[in-house]
Amino acid sequence: MVSHMSILFTGGTGFLGSRLLHALLVEEGCAVTALGRGTSAALRTRIVTSLTRLAGGPLPQAALDRLHCVPGDVSRPLLALAPAQYARLAGRTTAIWHSAADISLAAPLDCLRATNVTGTEHVLGFAEHAGPRCRVTHISTAFVAGRRRRGCVAEAALDDSYGFETPYEQTKFEAERLVREWAGRWSRPVTVLRPGILVTGSRPEEGEPQHPFGELGIGAASLSGALEEVTGHVRLPLPPGGTLNAVQVEYAVQAMLRLAARAPDRPGAHTYHVVHPVDTPVRLLLEAVEVRHPGLRLAQAERVTDPSTAETLIAARLPDFLRRYCMQRRGYERSGLLSLVPELADPPPLDAPYVRAALGYGPAVDDVTRTRVTT
């Protein structure tokens, strides 16, 4: 069935955003206006090229006809649109998916705030002009929980008392707080989606947005020459037994589409964790690198004193997500997600073949999304 929704979509060129955009156009039959930087023609070319690669072939003409591209910038007032264009676009928009974000874990706080906080404020301002019929879906992150190490993070929790691992987390927290305040002030419903670390069983093509496991694989590949000469144990400053909440992006997209469609219409921010129920051991990632480089043994250590040259070199290339998030032992409440989408099966745990494929070390793994029949 073709949807009559007219959606304003931000972040359509990102790793998650491009997949959500594809699903909304092709699976849901929605009319979508993608807002992004560049000229209209350049933006459309970039998006269509990305969606074609995702689909493994040309998009249906009907989906292309429903895609409109508008040059804009969420960090600027009026989304960088002329006032008349802004009013026209708001007048025909019935839903907003706000996926645009600066996801750098190392960028300065002020730089991240421009997109992640001010950008969210501008999108909410657009939603005001679109009117009460316009439903907002805001993509956040499970890592707004910050430095909290243990316990179960409730879906309704939004707490900065633990501090934050990165400025990125802080700005996503601040953006969520803005969303909650706006929903309360205007008595509007907003769906807030908090994914874990999003990964896929195949590395995106060159030039496409990368996922964190793919970045780790690329980083290890850049060290191939040095690693070939290393044998024996190499200690890494990663806590033994460390895990990561990594969730397959294919599952996340299907869960998000269903949640956005079924979330309550009552005023307020309705928040859902789109995370994996089973954490992935960091050991699996290290073993994949070891298989790639026979003779190398990567050992996890709380501290590495007197590091060797190889240990210093490898430690310097460890991605920030691996350093920071493997120390967490916390869980995430999923009761809201499970109650709204009972037919969507939990994603399978990430096993060794999947991790190798995600790192770019093995053949691609097929889509993991499955549904279970309920009565």
Applying side chain to side chain contact (heavy atoms under 4.5 Å, CB included), run through Leu79 and His122 and close with a yes or a no. CA-CA 7 Å; Leu79 307 179; His122 291 158; 3.9 Å; yes
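- Connection of Leu236 to Val304 is not established within any shared hydrophobic cluster, with ILVMFWY side chains joined at heavy-atom distances below 4.5 Å, either directly or through further cluster members.
- For the pair Arg185 and Glu181, the salt-bridge criterion is not met [side-chain N within less than 4.0 Å of a carboxylate O].
- For Arg329 and Asp279, the salt-bridge test fails: no basic side-chain N is under 4.0 Å from an acidic carboxylate O.
- There is a side-chain donor-acceptor pair under 3.5 Å between Glu128 and Trp182.
- Phe321 and Phe213 have parallel rings, their planes meeting at less than 30° on a 0 to 90° scale where 60° marks the start of perpendicular.
- Side chain of Ser18 to backbone of Gly14: a donor-acceptor contact under 3.5 angstrom is found.
- Looking only at atom types and distance, the side chain of Arg334 has no donor-acceptor partner in the side chain of Tyr332 under 3.5 Å away.
- Each of Val291 and Leu296 belongs to its own hydrophobic cluster when Ile, Leu, Val, Met, Phe, Trp and Tyr are linked at side-chain heavy-atom distances under 4.5 angstrom.
- No side-chain heavy atom of Phe15 sits under 4.5 Å from any side-chain heavy atom of Val199.
- No option in Arg235, Arg303, Arg317 other than Arg235 meets the salt bridge (Lys or Arg N to Asp or Glu O under 4.0 Å) test with Glu311.
- For the residue pair Thr115 and Asp102, no side-chain donor N or O sits within less than 3.5 Å of a side-chain acceptor on the partner.
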Check the pair Leu16, Leu198 against side chain to side chain contact (heavy atoms under 4.5 Å, CB included), reporting the backbone distance first and the verdict last. CA-CA 8 Å; Leu16 171 62; Leu198 294 166; 3.8 Å; yes
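- Side-chain atoms of Arg324 and Thr166 include no donor-acceptor pair closer than 3.5 Å.
- Phe126 has its side chain out of reach of Val74: every pair of non-hydrogen atoms, C-beta onward, lies at least 4.5 Å apart.
- Put simply, Val32 and Leu193 are part of the same group of oily side chains (I, L, V, M, F, W, Y) that touch within less than 4.5 Å, one to the next.
- Using modelled atom types, one side-chain atom of His273 and one backbone atom of Glu333 make a donor-acceptor pair closer than 3.5 Å.
- In this structure, Val253 is a member of the same hydrophobic cluster as Leu337, with clusters built from ILVMFWY side-chain heavy atoms closer than 4.5 Å.
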Between Leu318 and Leu238, is a side chain to side chain contact (heavy atoms under 4.5 Å, CB included) present by the stated rule, with each step listed? CA-CA 10 Å; Leu318 289 177; Leu238 301 171; 4.2 Å; yes
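- Without hydrogens or angle criteria, Ser50 side chain to Thr13 main chain gives no donor-acceptor distance under 3.5 Å.
- Going from atom CD of Glu250 over to atom OG1 of Thr200 covers 3.5 Å, rounded to the nearest 0.5 Å.
- Looking at heavy atoms from C-beta onward, Arg37 lies out of side-chain contact with Leu43 at the 4.5 angstrom threshold.
- Salt bridge absent: Arg76 and Asp73 never bring a charged side-chain N and a carboxylate O closer than 4.0 Å.
- Residues Val274 and Met256 have side chains in contact (heavy-atom distance under 4.5 Å, counting atoms from C-beta outward).
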Trace of the side chain to side chain donor-acceptor pair (under 3.5 Å) decision for Thr191 with Arg135: CA-CA 8 Å; Thr191 303; Arg135 183 64 182 265; 3.0 Å; yes
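- Using a 4.5 Å cut-off on side-chain heavy atoms (C-beta onward), Thr33 and Thr93 make no contact.
- Taking CG of Leu178 as the start and OG1 of Thr171 as the end, the distance is 11.0 Å to the nearest 0.5 Å.
- Closest non-hydrogen pair, Arg188 versus Gly131, comes out as NH2-O, 2.9 Å.
- When all heavy atoms of Asn116 and Ala101 are compared, the pair lying nearest together is OD1-CA, 3.3 Å.
- Between Arg194 and Val144 the shortest side-chain heavy-atom distance falls below 4.5 Å.
- Put simply, the side chain of Leu344 reaches to within 4.5 Å of the side chain of Tyr251, judged on heavy atoms.
- To the nearest 0.5 angstrom, Leu67 atom CG is 11.5 Å from His22 atom NE2.
- Shown here for Pro71 and Ser40, the closest heavy-atom pair between the two residues is CG-N, 3.3 Å.
- Judged purely by atom type and a 3.5 angstrom limit, Asp351 uses its side chain to pair as donor or acceptor with the backbone of Tyr354.
- Between Gln328 and Thr243, the closest heavy-atom pair is O-OG1, 4.0 Å.
- Counting heavy atoms from C-beta on, the side chains of Ser99 and Thr137 never come closer than 4.5 Å.
- Remark: the Glu176 side chain and the Ser140 side chain contain an N/O donor-acceptor pair separated by less than 3.5 Å.
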Checking Leu24 against Trp97 for the side chain to side chain contact (heavy atoms under 4.5 Å, CB included) test, could you report, in this order, the C-alpha distance in whole Å, the side-chain angles of both residues, the deciding distance, and whether it holds? CA-CA 10 Å; Leu24 289 167; Trp97 280 75; 4.1 Å; yes
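- The nearest pair of heavy atoms linking Ser75 to Ala114 is CB-O, 3.3 Å.
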Thr141 and Glu169: CA distance, side-chain angles, deciding distance, side chain to side chain donor-acceptor pair (under 3.5 Å) verdict: CA-CA 8 Å; Thr141 173; Glu169 294 174 359; over 6 Å; no
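- Salt bridge annotation for Glu290-Arg356: absent, with no cationic side-chain nitrogen under 4.0 angstrom from a carboxylate oxygen.
- Of all heavy-atom pairs between Gln248 and Pro348, the closest is NE2-O, 2.9 Å.
- In this structure, a donor-acceptor pair under 3.5 Å is present between the side chains of Gln170 and Glu174.
- Partner of Glu165 under the salt bridge (Lys or Arg N to Asp or Glu O under 4.0 Å) criterion, chosen from Arg149, Lys172, Arg323: Arg149.
- Expressed to the nearest 0.5 Å, how far CD1 of Ile96 lies from SG of Cys134 amounts to 4.0 Å.
- Note on ring orientation: taking the six-membered ring where Trp is involved, the planes of His138 and His98 are tilted (angle from 30° to 60°).
- Classification of Arg66 and Glu28 as a salt-bridged pair fails, no side-chain N sitting under 4.0 Å from a carboxylate O.
- Of the inter-residue distances, the one linking Arg44 atom CZ with Thr39 atom OG1 reads 12.5 Å to the nearest 0.5 angstrom.
- Ser339 places a side-chain N or O within 3.5 Å of a backbone atom of Gly336 that can act as its donor or acceptor partner.
- If you chain together hydrophobic residues whose side chains sit under 4.5 Å apart, Phe164 and Leu105 never meet in one group.
- Here the OH atom belonging to Tyr168 is positioned 9.5 Å from the CG atom belonging to Leu112, to the nearest 0.5 angstrom.
- Counting heavy-atom neighbours within 6.0 Å of Leu158 CG, excluding the residue itself, gives a total above 12.
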